[in-house]
Protein chains: 2
Amino acid sequence: MSSDSFYDWAVEEASPSRIGIRDVAAAAGVSPTTVSHALSGKGRLPDETRQRIASIAEELGYRPNVNARNLVSGKTGLLGIVVSASQETPFGLGDFDYFIQLLSAATGAAVERGRALVVEGVRSGPDAFGTVEVDGAIVVDPVSDDPLIDALDRANVPVVTTGRRDRPPAGGRPECWVDNDHVEATEEILAHLESHGAKKVGLISTAPVTSYTRDAISGYKAWCSLHGQEPMISTVEGPINEGAGFRAAEELLDLADPPDAIYATLDQLALGVLAAARARSLTVPDDLMVAGCTDSQASAWADPPLTAVLLNPEEIGRSAVSTLIDLIEAGDSVPDPVVVPTGIVERESTARLTGPGGVQAAGQAGSSRDSE
Amino acid sequence: MSSDSFYDWAVEEASPSRIGIRDVAAAAGVSPTTVSHALSGKGRLPDETRQRIASIAEELGYRPNVNARNLVSGKTGLLGIVVSASQETPFGLGDFDYFIQLLSAATGAAVERGRALVVEGVRSGPDAFGTVEVDGAIVVDPVSDDPLIDALDRANVPVVTTGRRDRPPAGGRPECWVDNDHVEATEEILAHLESHGAKKVGLISTAPVTSYTRDAISGYKAWCSLHGQEPMISTVEGPINEGAGFRAAEELLDLADPPDAIYATLDQLALGVLAAARARSLTVPDDLMVAGCTDSQASAWADPPLTAVLLNPEEIGRSAVSTLIDLIEAGDSVPDPVVVPTGIVERESTARLTGPGGVQAAGQAGSSRDSE
DNA sequence: GGTTCTAACAAAAACGTTTTTTCATGTCAA
DNA sequence: TTGACATGAAAAAACGTTTTTGTTAGAACC
């Protein structure tokens, strides 16, 4: 009656008490020990037996009891995930859709490997969440002086960050991360803007407390120096919302020689840019091209729909979990960093030219590449 | 080395392998059975023994191993939490801060009672999250035709909603919910606006797919009829963001007899109202008073800072978890619904008059009542 | 003075795995 | 032919609880 599958549309056939290792053993005509060894790759068994047992287990839909397993291993089976923050940066994250997608995928990946992911979002102090014992932790978008990260390191809790730390962990501890290549992604979106007719591109970004911001800025600067353009950067302080993007856009558009395209490192900022354009009766994309980083529903529904850099948060979440579990299980070897590919979803906000000459049809759903 | 406390600032004294029930038993000079009975309130023991054992356990810092407990109880120890959605309402939730606060508090409450809370946010289809087995689920802001809720009901998964369903569960299943009194909260914020000099108040709300929206609208209408004011309601369709609030505000302000105060049911909409006021050179609060539902960082930092209705999401999260666990454990009796008190944080956006006559000093941090 | 009852507790079984130990069987070298 | 050793697999122990079943001592009853 309880403990049912979350999406149990077709309620499993009267669920005659769950399949256990003993059932698999009986079906295969071996002992539970052998099943355990076969499935875990331990013990001494011929490969043929291993495969036979594996296929029987598969067929029976055997899923080991997580609690029993954790009981033996002495682990809690809990992984923590937390959005990095610090005194100066109360909340480093600007994007709801991004976080929810990452979280959702990470949850799935964790459960698939027999762990549960517990979230800690607001951190008023060391007391919050004080009693949770986790086998490891994921820190999203680590900011420079987040005290939590040091605390985790000191407590020897395995940590994987999504986005890179600004300095390696103390005490020679391993550094594990999952990230996009934001330098490359920035160069690609800038190339996209240029190929669609942008003459001068401005950048709106947050303070460089996270690696993705630093990467975007350096990618932008590199691109500028390569194209002989003077960098035009407006940095947002305080909370990240459309109003902040609006003000930053005004700053850029008030320049003596204003840009005719703006790339914002967060979708909310880009939405603010659209508002600023509207306030000045600038047509998007003809007078001003706008693109943002991180796609969202709001971007897709904006007027006009926003071109966006796709960061693949699901893949980041899954990889982070997988890396963290590897880190927890392989005590000695350190898992390699993971770089998750990015993409661009092209929408009307940058549809000024398509290729050399020619105007792209203005449709709500732009073409998308690299989106699964 | 693993399984350390998340915030292990003072790393526990070399942690000489965790305190177990046997340690408590030895310290108390009784058997593990007796300790278990004493702490769970089962078995036949004199109260004096119970208390003695409880205090020893407390003193030793005994915390039962969750996995062992779940193993014998046959539960997974997992609670699911999901934001309601449906075909027509892809994402019912408008507020990041609100959700994170609720989630964070709920996580803490769950862990405190030996459960883990797993999140499913994006639901692309029945496959997502398909393999997670939960002992129960929390559905946040249930919308009318969310297929998930029916699926959970059919699978006999205990469900608690935050916000009320629009119709009772099928098959005579118990209905459990945690909610604010949004009708009352709406009346209070309207009274606040009126007492500070508002003559005519407009309402901006989302489509009435959630109970809180329906409550806000009915509270507003009741207040209007009581005050002889014609209701002025602008309903937002599509994604909820500042742009949507902006457009809704324009709609109200373009009326022949426009309001001099606007209450928006989500903070992002209220921020959009501020932008609309600025675009028309209306001074807030003198020309237009603005208030939103749900406080957020962005509201506090807005220009001017926004008066907001406090919904106490932490308390909602904690109560939901607690109610859900009660529901899971008490197979027969159904826990009572919980109504979480609301409050108002008064800030500059409504600081036109303070009481009869007199103008409140314009400071960033307004007074706050009912905020803990 | 035996039986029955109850209070207070302890011993043992169970939960479903993993890990460690043991036990056959064969094979090979001496 | 006899150890020594490898292979394949099973038995047993362990993980830390809760639950079920026993056990003892004393009180109550006839």
Side-chain angles (χ1 to χ4, degrees), chain A residues 2-3 15-54 56-57 60-78 113-115 133 135 328-329, chain B residues 2-3 15-54 56-57 60-78 113-115 133 135 328-329:
Chain A
S2 285
S3 292
S15 78
S17 85
R18 192 184 162 124
I19 296 280
I21 199 171
R22 284 195 266 261
D23 301 304
V24 179
V30 298
S31 72
T33 310
T34 304
V35 175
S36 175
H37 282 159
L39 297 179
S40 67
K42 302 182 177 171
R44 291 176 306 207
L45 294 178
D47 278 352
E48 187 240 337
T49 308
R50 287 211 142 85
Q51 282 155 19
R52 188 171 59 88
I53 293 177
I56 291 177
L60 260 50
Y62 168 64
R63 280 189 322 209
N65 180 305
V66 171
N67 284 309
R69 190 193 289 235
N70 288 333
L71 179 57
V72 169
S73 71
K75 301 252 159 82
T76 62
L78 260 36
R113 294 189 62 175
R115 271 82 170 180
E133 301 191 345
D135 295 334
I328 291 170
E329 288 187 342
Chain B
S2 287
S3 292
S15 78
S17 85
R18 194 184 160 126
I19 296 277
I21 199 172
R22 283 195 267 261
D23 302 304
V24 179
V30 297
S31 73
T33 309
T34 303
V35 175
S36 176
H37 282 158
L39 297 180
S40 67
K42 301 181 179 172
R44 288 180 307 203
L45 294 177
D47 279 351
E48 186 239 335
T49 309
R50 286 212 143 84
Q51 282 156 19
R52 189 170 59 88
I53 293 177
I56 290 177
L60 261 50
Y62 167 65
R63 281 188 322 208
N65 180 306
V66 172
N67 284 309
R69 190 192 289 235
N70 288 333
L71 179 57
V72 27
S73 73
K75 301 252 159 80
T76 62
L78 261 36
R113 294 189 61 175
R115 271 84 170 181
E133 301 191 345
D135 295 334
I328 292 170
E329 289 187 342

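Nothing here was measured: the structure is a model prediction, and the numbers come from that model. Just so it is clear, the values below take in all heavy atoms, side chains as well, and ignore hydrogens, waters and symmetry mates.
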Are side-chain heavy atoms of [X] and [Y] found at a separation under 4.5 Å?
X: A/S31; Y: A/T34; answer: yes
X: B/T76; Y: A/V66; answer: no
X: A/R115; Y: A/K75; answer: no
X: A/R52; Y: A/T49; answer: yes

[N] phosphate, OP1 or OP2, under 4.0 Å from [X] side-chain N/O:
X: A/T49; N: D/dA9; result: yes
X: B/T34; N: C/dA10; result: yes
X: A/S36; N: C/dT19; result: no
X: A/K42; N: C/dT18; result: no
X: A/Y62; N: C/dG16; result: no

Round to a whole Å and report the spacing from [atom1] of [X] to [atom2] of [N].
X: B/K75; N: C/dG16; atom1: NZ; atom2: C1'; result: 17 Å
X: B/N65; N: C/dC15; atom1: CG; atom2: P; result: 18 Å
X: A/N70; N: C/dT17; atom1: CG; atom2: C1'; result: 10 Å
X: B/R22; N: D/dT18; atom1: CZ; atom2: P; result: 12 Å
X: B/I21; N: C/dA10; atom1: CD1; atom2: C1'; result: 13 Å
X: B/R63; N: D/dG16; atom1: CZ; atom2: C1'; result: 15 Å
X: B/I53; N: C/dA10; atom1: CD1; atom2: C1'; result: 12 Å
X: B/D47; N: C/dA7; atom1: CG; atom2: C1'; result: 13 Å

Taking the side chain of [X] as its heavy atoms from C-beta onward, which of [options] lies nearest to it?
X: B/S31; options: D/dG16, C/dA10, D/dT19; result: C/dA10
X: A/L71; options: D/dG16, D/dA14, D/dA10; result: D/dG16
X: A/V72; options: C/dG16, D/dG16, D/dA12; result: C/dG16
X: A/L45; options: D/dG8, D/dT17, C/dT17; result: D/dG8
X: A/P46; options: D/dG8, C/dT17, C/dC15; result: D/dG8

If you find the nucleotide of DNA chain D closest to B/A68 and the one closest to B/R44, which residue's nucleotide is nearer the 5' end? B/A68
Taking for B/N67 and for A/P32 the nucleotide of DNA chain D with the nearest heavy atom, the one nearer the 5' end belongs to A/P32
Could you check whether B/V66 gets within reach of a base, just the sugar-phosphate, or nothing at all, counting any heavy atom under 4.0 Å? nothing
Within the structure shown, what part of the strands sits under 4.0 Å from B/S40 by heavy-atom distance: base, sugar-phosphate, or nothing? nothing
Is the backbone of B/N65 close enough, under 3.5 Å, to the side chain of B/R18 for a donor and an acceptor to pair up by distance?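 No, because the side chain of B/R18 does not come within donor-acceptor range (under 3.5 Å) of the backbone of B/N65.
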B/D23 side chain to B/G20 backbone, donor-acceptor under 3.5 Å: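 Judged by distance alone, yes, a pair lies under 3.5 Å.
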